[in-house]
Amino acid sequence: MITINFERCKGCGLCVEACPKKIIRLSEEKHNQKGYYPAECTDNSKCISCALCAMMCPDCVIKVEKGE
Amino acid sequence: MAVVFDKPHALCDVATTYCPGCTHGIIHRLVAEVMDELGIEGNTIGIFPVGCSVMAYKFFECDMVGAPHGRAPAVATGIKRALPDSVVFTYQGDGDLAAIGTCETVHAAARGENITVIFVNNTIYGMTGGQMAPTTLPGQVTQTTPYGREPEIQGYPVKVCEMLATIDGTALAQRVSVDTPAHIREAKKAIKKAFENQINKKGFSLVEVLSTCPTNWGLTPVDALQRLRDEMIPYFPLGVYKDEAVWNKEEKAD
Amino acid sequence: MERVLMKGNEALAEAAIRAGCKCFFAYPITPQTEVAAYLAKNMKKRNITFLQAESELAAVNMVLGASSAGVRTMTSSSSPGISLKSEGVSYLAGSDLPAVIVNVQRGGPGLGSIQPSQSDYWQATKALGHGDFQLIVFAPASVQETVDMTIRAFEEADRYRMPVMILTDGFIGQMMEPVTFSDETPKIEPKDWAACGHKGGRKHNIINSLFLQPDELEASVDARYEKYETIKKNIHDAEIYMCDDADLVITAFGTTARVAKSAVNQAREKGIKAGLFRPKTLWPFPVEELNAACKTAKKVLSVEMSKGQMVDDIRLALNCRIPVEFFGRNGGNIPTPAEILDEIVKISERGL
């Protein structure tokens, strides 16, 4: 599963492109204090913890965990 | 739950000043991950340049020293000569390293100065708003080449790795990219090697990282990565241009 | 204590080693060459680093690096090379880094000449680089003073965390005189601000001159200027010679002061009450000492190897209370005692 730091995310979308399961999108309604529309996970149960999203993230806002 | 991926310790827990999608952030993280893995943060001094990464002193947990524009290799030399057992790296952009600082770069390499240079090539001056860089591609539109770079007028881009590979003091000259996870893995390996070379006192090690500037290229972050692949990599081919210990050469096993 | 006959530049280099200078970086230029040559020759047996840089820019930035790392460090050059170093000196000042910068002056502007000159006075005391900052500037007039001031320069640089300049010239640099070196080893305080690796024991140290917020930059510059006020109180020195009853005070520093002293003696023989004021520190300028030396003076004559630079500070320090005249040679020429005496006689004949 992934946790995205809502306030730190700049909404660049590189993680959206990288995700093989297509479970990340940029928020359409919620923006953070800086005015960015951060990335959000649509279904963490489908996450395979491959960490490709985190590798592409220039702002180190994605934490990836695995297991119970 | 086991943590698969998190911020490295050597990277400060702050928001960077880079634009959304700028790959400086990825390169910062790779340098910090390498510092963590080699356990060298407490013995490392980083040199931050002039350019977008001038704020890098806020982003690395190791000691940091600011250099005038282009002079990072000279500042690094001063530190390394004063403290030969410390780990010293410079983090420089293309304008800094390949235009105003060409002399310092070439001579640090020629001396076989035992330092690590992280060279970020995004073919543009980002901080000042997108002027032509020494690595701007022919035809590339910038603020100061509004009709595209014309070699007849503005000359040709500087190929740093190719140039430094001809210098005896260079231990490592490698060009990598951060446009895909696979390339990011390669980039990290190269950066790690550049630091290990220093620890093993092998000589001047430079890793050129092809990077994006979505803001000044006028592209979305995703399209910027595509431009890197389509236009930059063909002109600046990835690969190892030189990998040969200058000092402290290991005996070759028979 | 040993007494030896040495060239000014070599004595300066020896003094630097004895002051605990660990790293020396320079680019060749006449007439300072012997400083580098002496250090290069001594580097292995005295356990110091000498590195010939690829340029003046690189040399001064290597100094910036070594200073950041916390060691005593120095660079030396001559006028055109100092102009190139001005970028680095501004960064040293803006980053609050100690360093010793030696200028063995030669004629200018441009490539000028390789003969002695004092035409970098303004550059050294007013504007060696962009931005608001000062250097402490020492002006030796003998080989012994070159040694003493070099050792002191390292101490003051560390004490106040700022660059200090030895402003000498090709004449003092090249001449030989007997000198005495003290056997004392310098006490160097640890530098807790240095960027030498935090070893996991503290937050990271940052050496930096960038402050994007106007208020932060202003606070940083203001703090530095408060420090300068302390320095003005603590560092000011001059030699005052035969000024007690002087009608005419000659002001001169370095080489010209040596020549002017002969002229003062000759003037006294002619019955002209002349005296000599020689600042040893050019910044801070010894204002009180000058005013004390000029108590009975009716006129002041500034003698310099330039078109007249220190003369501005003389007028300012005297608040234009006394008329100040100027005599100088430039281009690499040293005024002779006879030339200075002529000026003294002329001024005296016009009436004091």
Side-chain angles (χ1 to χ4, degrees), chain B residues 9-10 12 17 35 39-51 53-88 90 100-111 113 115 127, chain C residues 21-25 27 43 48-75 85-92 94-95 97 99 129-130 191 193-212:
Chain B
H9 184 272
C12 298
T17 41
M35 271 196 260
I40 54 172
E41 182 198 306
N43 196 31
T44 298
I45 299 117
I47 320 293
F48 58 96
V50 173
S53 45
V54 72
M55 309 303 287
Y57 63 91
K58 293 187 172 174
F59 311 142
F60 290 110
E61 288 284 358
C62 60
D63 280 359
M64 297 293 289
V65 176
H69 202 15
R71 318 290 173 233
V75 173
T77 299
I79 297 174
K80 193 68 185 182
R81 297 286 174 137
L83 305 169
D85 293 325
S86 61
V87 177
V88 182
T90 71
I100 197 165
T102 316
C103 182
E104 285 78 2
T105 305
V106 168
H107 285 276
R111 283 192 300 272
E113 206 67 53
I115 58 171
M127 182 65 125
Chain C
C21 176
K22 284 287 170 211
C23 290
F24 177 80
F25 306 100
Y27 183 84
M43 119 173 123
I48 54 165
T49 294
F50 165 74
L51 187 61
Q52 181 171 319
E54 62 272 26
S55 69
E56 304 285 2
L57 292 166
V60 74
N61 283 294
M62 288 173 186
V63 164
L64 189 148
S67 179
S68 299
V71 307
R72 284 191 170 177
T73 178
M74 176 174 97
T75 186
K85 285 192 162 77
S86 67
E87 173 197 70
V89 175
S90 174
Y91 278 74
L92 283 164
S95 312
L97 288 171
H130 62 282
K191 294 167 180 171
W193 50 263
C196 50
H198 61 59
K199 312 284 185 283
R202 55 163 168 77
K203 256 200 79 64
H204 63 168
N205 280 343
I206 296 166
I207 308 289
N208 177 32
S209 62
L210 176 78
F211 299 92
L212 286 176

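Residue numbers start from 1 in every chain, and the chains themselves are labelled A, B, ... in the order their sequence lines are given, proteins ahead of strands. This structure is a prediction, so every number in the text was calculated from the model and none was measured.
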Enumerate, atom names and distances included, each donor-acceptor pair closer than 3.5 Å involving a side-chain atom of residues 205-212 of chain C, sequence neighbours excluded.
| from | atom 1 | to | atom 2 | distance (Å) |
| --- | --- | --- | --- | --- |
| C:N205 | ND2 | C:D192 | O | 3.0 |
| C:N205 | ND2 | C:W193 | O | 3.3 |
| C:N205 | ND2 | C:A194 | O | 2.8 |
| C:N208 | OD1 | C:L210 | N | 2.8 |
| C:N208 | ND2 | B:Y57 | OH | 3.4 |
| C:N208 | ND2 | C:L210 | O | 2.9 |

Report summary line: Cut-off 4.5 Å, heavy atoms of chain C, and the answer for B:F48 is side chain

Query - Check against side chain to side chain contact (heavy atoms under 4.5 Å, CB included), C:H204 and B:E41 - result: CA-CA 10 Å; C:H204 63 168; B:E41 182 198 306; over 6 Å; no

Which of [options] touches chain C most, by non-hydrogen pairs under 4.5 Å:
{"options": "B:C12, B:C62, B:G42", "answer": "B:G42"}
{"options": "B:T44, B:V54, B:V65, B:V50", "answer": "B:V65"}
{"options": "B:N43, B:V88, B:I45", "answer": "B:I45"}

Requested in this report: Measure C:K22 against the heavy atoms of chain B and call it side chain, backbone, both or neither at under 4.5 Å.
Outcome: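 When you check distances to chain B, no heavy atom of C:K22 falls under 4.5 Å.
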
**Report entry** Structural part of C:T49 lying under 4.5 Å from a heavy atom of chain B
**Finding:**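 The side chain, not the backbone.
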
Query raised in the report: Under a 4.0 Å N-O cut-off, is there an ion pair linking C:K199 with B:D63?
Result: no

Please tabulate, one pair per line, all N/O donor-acceptor pairs under 3.5 Å involving side-chain atoms of residues 61-71 of chain C, not counting sequence neighbours.
| from | atom 1 | to | atom 2 | distance (Å) |
| --- | --- | --- | --- | --- |
| C:N61 | ND2 | C:L57 | O | 2.8 |
| C:S67 | OG | C:P98 | O | 2.6 |
| C:S68 | OG | C:L64 | O | 2.7 |

Query raised in the report: Checking side chain to side chain contact (heavy atoms under 4.5 Å, CB included) for the pair C:T73/C:F25: CA distance, chi angles, key distance, verdict?
Result: CA-CA 8 Å; C:T73 178; C:F25 306 100; 3.9 Å; yes

**Report entry** Under 3.5 Å donor-acceptor, B:K80 side chain and B:S86 backbone
**Finding:**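 Between the backbone of B:S86 and the side chain of B:K80 there is a qualifying donor-acceptor contact (under 3.5 Å).
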
Query - Option in C:C23, C:C196, C:A58, C:G200 with maximal non-hydrogen atom pairs under 4.5 Å from chain B - result: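 Of C:C23, C:C196, C:A58, C:G200, C:C196 has the most heavy-atom pairs under 4.5 Å with chain B.
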
